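Here is the naming used below: chain letters follow the sequence lines, and residue numbers restart at 1 for every chain. Keep in mind that this is a model prediction, so the values were computed, not measured.
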Amino acid sequence: MKTISAFGKYIIFVTRVFSRPEKTKIYLQQTIREIDSLGINSIGIVIVISIFIGAVITLQTRYNLESSWIPLYLIGLTARDTILLEFSSTMVGLILAGKVGSNIASEIGHMRITEQIDALEMMGINSASYLILPKILATMVFNPVLTIISMVVGIFGGWMACIVTGALSSSDYIYGIQYWFIPFYITYALVKTVVYAFIITSVTAFHGYYVQGGALEVGRCSTRGVVYSSILILLADVILTQLMLA
Amino acid sequence: MIEVEHLYKSFAGVPVLEDISVTFERGKTNLIIGRSGSGKTVLMKCIVGLHEADQGAVIFDNRNFVGMNFTGRKELRKEIGMMFQGGALFDSLTVEENVIFPLSMFTQMPWDEKRERANVCLKRVNLDNVNKLFPGELSGGMKKRVAIARAIVQNPRYLFCDEPNSGLDPKTALVIDDLISEITHDYSITTVVNTHDMNSVMEIGQKVIFIHQGFKCWEGTREEILDSDNEHLNDFVFASNFAKKIKSLTSKDS
Ligand SMILES: Nc1ncnc2c1ncn2[C@@H]1O[C@H](COP(=O)(O)OP(=O)(O)OP(=O)(O)O)[C@@H](O)[C@H]1O
Ligand SMILES: [Mg+2]
């Protein structure tokens, strides 16, 4: 019962977020600002994580493939497909839910408890739309860029691992990552990323927007927002995979 | 003029306001006084619709706010300036940007004009040289003054101030009181002020209502306050020993 009423509240919230903007120019400015604070600021963490995970995926695949009759270039292929299909979209999505999501929930929650949202409403501004629409647009536009960065860097990380450890020759790896390449995997990953971006931003903003109480509650709502958005990301992962790859 | 009729509000079954009826007149400074926790802020927020009243009507010059839809409210709110108890300044904007904000959202004014207007308002609340600071860098009293500047920047028809001078030194408090009373009379706006500061009451209380535990307990002018025999009101007004002494002295005189 509680879940249903929360879901209803969420739907109403999202409709309010998407109702007509007050002044398009200001929304565009805000969106660019949010791309900077939510997107550009996440490039670093995405690069670091992708390099390491790319390396680890490659090494693990190498050490699990002991049989001599499997061609070594398949390691490159496996690493590439893991990165393209799942890591750069879903794993990065989960990481961004933690980083960007908690940031959004606590920012909006803080604005709620310090009455800044009330102040916006009192000026006759649709606060949900003014505060959150730019964030949703910014993440939906920029997270795909992060995903592509993660793909490139992840595959590069795998190659670095080959060079550094000598577990696999560079030419095998490079042959592998080009072998049987299916471009649709990238489309699939990007579609997932856009959906995740919407989930992360709207769910965490929703939790922040309706927070009541003090700083402690803001902390809690941010945790809850991250947990819910992570679960929804995984659910969306299953659904989209079934829809797009089956 | 704002008319409040039989307003009730409770939170999770706990009544906070009960059967409040009051008329706030145009061109007058209307004060809501009462002890901490008596329901002043809740009353103010019910009037402007930030809290939904359980029952009752709030009529802004013949427009009933309670039954109004989202768009109607939005339009009416553009005529309202509100100063919140904690200031509610936007953290990410400088002082000047905070004051300019409503102008940017709703007018087509050129940038210079907006800045000029913002600076006029900041001057009126005695703030100089803080334009480029962020709210985090201001003292509590300065925040309140910026909040007042922001509330009046659009020349509102209705002005609500929630404890405009708590936390201010007596001299600045006086400046703020005078400012509020001045703009109320100059532009003939309907002003509602929450306060528990007796100095402001005596300074600008053209109409005063006293809220006690969610009920409207007394209503009158500042002149009538001292002579009232309402027990709760006397308790509130003469809370300090100093005030009690003065009261006993003056009553001995007469
Ligand atoms: N959002 C809320 N949820 C539940 N109870 C609330 C809420 N807001 C206020 N209350 C309760 O309503 C009562 C009145 O609070 P209110 O903030 O109006 O007091 P106040 O008169 O403004 O006091 P102060 O002078 O300290 O600001 C308090 O008992 C408070 O606990
Ligand atoms: Mg209050």
A.B. asks: So for B/Leu89, is it side chain, backbone, both, or neither that comes closer than 4.5 Å to the heavy atoms of chain A?
C.D. replies: backbone
A.B. asks: Measuring from atom CG of A/Asp118 to atom NE2 of B/His51, what distance do you get when rounded to the nearest 0.5 angstrom?
C.D. replies: 7.5 Å
A.B. asks: Examine A/Tyr130 together with B/Phe101 and report whether their ring centres are nearer than 6.0 Å.
C.D. replies: yes
A.B. asks: Looking at A/Met160, I'd like to know if its CE atom is crowded, meaning that more than 12 non-hydrogen atoms belonging to other residues, nucleotides or ligands lie closer than 6.0 Å.
C.D. replies: no
A.B. asks: Can you confirm whether B/Phe70 is buried at CZ, in the sense that more than 12 heavy atoms of other residues, nucleotides or ligands lie under 6.0 Å from that atom?
C.D. replies: yes
A.B. asks: Return yes if some donor-acceptor pair links the side-chain N/O of B/Lys74 with the main-chain N/O of A/Met123 below 3.5 Å, else return no.
C.D. replies: no
A.B. asks: Counting heavy atoms not belonging to A/Arg33, are there more than 12 under 6.0 Å from its CZ?
C.D. replies: no
A.B. asks: To the nearest 0.5 Å, how far apart are CZ in B/Phe84 and CD in A/Gln116?
C.D. replies: 10.5 Å
A.B. asks: Quick check on B/Ile80 against chain A: is it the side chain, the backbone, both or neither that has a heavy atom closer than 4.5 Å?
C.D. replies: both
A.B. asks: Quick one, A/Lys23 and B/Phe106 - any side-chain contact, counting heavy atoms below 4.5 Å?
C.D. replies: no
A.B. asks: Would you indicate whether B/Met109, at its atom CE, is surrounded by more than 12 heavy atoms from other residues, nucleotides or ligands within a distance under 6.0 Å?
C.D. replies: yes
A.B. asks: When only pairs under 4.5 Å are counted, which of B/Glu79, B/Arg150, B/Glu75 shares the most heavy-atom pairs with chain A?
C.D. replies: B/Arg150
A.B. asks: Is B/Arg73 close to chain A through its backbone or its side chain, or both, or neither, when contacts mean heavy atoms under 4.5 Å?
C.D. replies: neither
A.B. asks: Just checking B/Arg35: does its CZ atom have more than 12 heavy atoms from other residues, nucleotides or ligands closer to it than 6.0 angstrom?
C.D. replies: no
A.B. asks: Is the number of heavy atoms from other residues, nucleotides or ligands within 6.0 Å of OH (A/Tyr10) greater than 12?
C.D. replies: yes
A.B. asks: Listed by residue number, which members of residues 193-212 of chain A have a heavy atom under 4.5 Å from any heavy atom of chain B?
C.D. replies: none
A.B. asks: Would you sort out whether B/Asp91 and A/His110 count as a side-chain contact (heavy atoms from CB on, under 4.5 Å), showing the intermediate values?
C.D. replies: CA-CA 10 Å; B/Asp91 294 319; A/His110 174 77; 3.0 Å; yes
A.B. asks: Tell me whether the count of non-hydrogen atoms from other residues, nucleotides or ligands lying under 6.0 Å of CZ in B/Arg157 goes above 12.
C.D. replies: yes
A.B. asks: Mind ranking B/Leu50, B/Val48, B/Leu76 by heavy-atom pairs under 4.5 Å with chain A and telling me who comes out on top?
C.D. replies: B/Leu50
A.B. asks: Look at atom OH of A/Tyr228 and say whether more than 12 heavy atoms of other residues, nucleotides or ligands are closer to it than 6.0 Å.
C.D. replies: no
A.B. asks: Can you tell me how far CD of A/Gln29 sits from OG of B/Ser104, rounded to the nearest 0.5 angstrom?
C.D. replies: 8.5 Å
A.B. asks: Between B/Met82 and A/Glu121, is there a side-chain heavy-atom distance shorter than 4.5 Å?
C.D. replies: no
A.B. asks: Please report the interatomic distance CE(B/Met83) to CD(A/Glu115), rounded to the nearest 0.5 Å.
C.D. replies: 9.5 Å
A.B. asks: Can you measure from CG (A/Leu120) to CE (B/Met105) and round to the nearest 0.5 angstrom?
C.D. replies: 7.5 Å
